[in-house]
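Below you'll find the structure, written out as structure tokens, and then a few comments.
Scope of the values below: all heavy atoms of this structure, side chains included, with no hydrogens, waters or symmetry mates. These numbers come from a predicted model, not from an experiment. Starting from 1, each residue takes its place in the sequence as its number.
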Amino acid sequence: MPKSKRSTVVSLTKTDKKGRGGKEKLFEDIHECVDKYDYIYLFSVKDMRNTYLKEIRHDFVDSRFFYGKNRVMAKALGTTTEEEYKEGLSGLAKDLTNEVGLLFTKKDPEEVKAYFREFVKPDYARSGAMATQTVSLPEGPVKRGADPMPHNMEPLLRSLGMPTSLKNGIVTLLVPYTICMEGEILSTNQAHLLKLFYHQLAEFSVDLISYYHDGEVIQFE
């Protein structure tokens, strides 16, 4: 029978005194969840949006999500076989790097995989993201969707780099204009223009990396 890891003492002396209470509380929460739930899923988020994460939390109301403070979460799980809170948890802790989080739940892998496979939401790309398609506008009256661009938007469009003017109160593009090219890294102005013209080039999605169950860490394919 594997030796219990629950009495292992893990030092927080390398962390700042400021916020020590919050870190100790996170330790306690992680340990409580390890004891309570059957599965721990490691996931990453593409194009993070708090609104969608709140929706997921609502759908997993009987589960717990932890996102951020990777080093503290890794310490809580145990980064070595000597420190791990339960057998095998160090295999999960070592992958707590970059933009990842933990989901503690009683839902099995097939159910969780099926949920996140379907949970993909279109959204507006932010500056620094890569354009997934080329977006060009023709010369002439400017439309946003099916409607004409409001005339009071013309100064803003011009300030964002579009060659526009008002002709008889109609926002008009003087020459054809390309907002972005596929594969290009978006600037702040480009991201703003894409949003103004309702072009959603980003997708919020959650990628499952691995899960812990009964002392083992299993990678998702």
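- Side-chain atoms of E182 and T134 form no donor-acceptor pair, as typed in the model, at a separation below 3.5 Å.
- Contact of the V45 side chain with the Y52 side chain is not registered, since no non-hydrogen atoms from C-beta on lie closer than 4.5 Å.
- Around atom CD of E99, no more than 12 heavy atoms belonging to other residues, nucleotides or ligands sit under 6.0 Å away.
- Minimum heavy-atom separation, L201 to T132: O-OG1, 3.3 Å.
- Scanning all heavy atoms of the two residues, the minimum distance from K36 to K106 falls at O-CE, 3.4 Å.
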Check step by step if salt bridge (Lys or Arg N to Asp or Glu O under 4.0 Å) holds for K25 and D29. CA-CA 6 Å; K25 177 64 166 59; D29 289 345; 2.9 Å; yes
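- Atom NZ of residue K86 and atom CD1 of residue I40 lie 8.0 Å apart, to the nearest 0.5 angstrom.
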Decide salt bridge (Lys or Arg N to Asp or Glu O under 4.0 Å) for E55 and K121; before the verdict, give the C-alpha distance in whole Å, the side-chain angles of both, and the deciding distance to 0.1 Å. CA-CA 11 Å; E55 187 176 336; K121 304 289 185 179; 3.7 Å; yes
Can you list the steps and then say if F60 with Y115 is a ring pair (Phe, Tyr, Trp, His ring centres under 6.0 Å)? CA-CA 10 Å; F60 281 78; Y115 175 85; 4.9 Å; yes
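- Using cut-offs of 30° and 60° on the angle between ring planes, the pair F119 and F204 is perpendicular.
- Within the model, atoms CZ of F220 and CG of L42 stand 9.5 Å from one another, a figure rounded to the nearest 0.5 Å.
- Among all heavy-atom pairs drawn from V217 and G91, the shortest one is CG2-C, 3.9 Å.
- Between Y41 and F104, the distance separating the two ring centers is not shorter than 6.0 angstrom.
- Closest approach of V120 to S205, counting heavy atoms only: CG2-CB, 4.3 Å.
- Q190 places a side-chain heavy atom less than 4.5 Å from the side chain of E184.
- For Y39 and Y212, the ring centers sit 6.0 Å or farther from each other.
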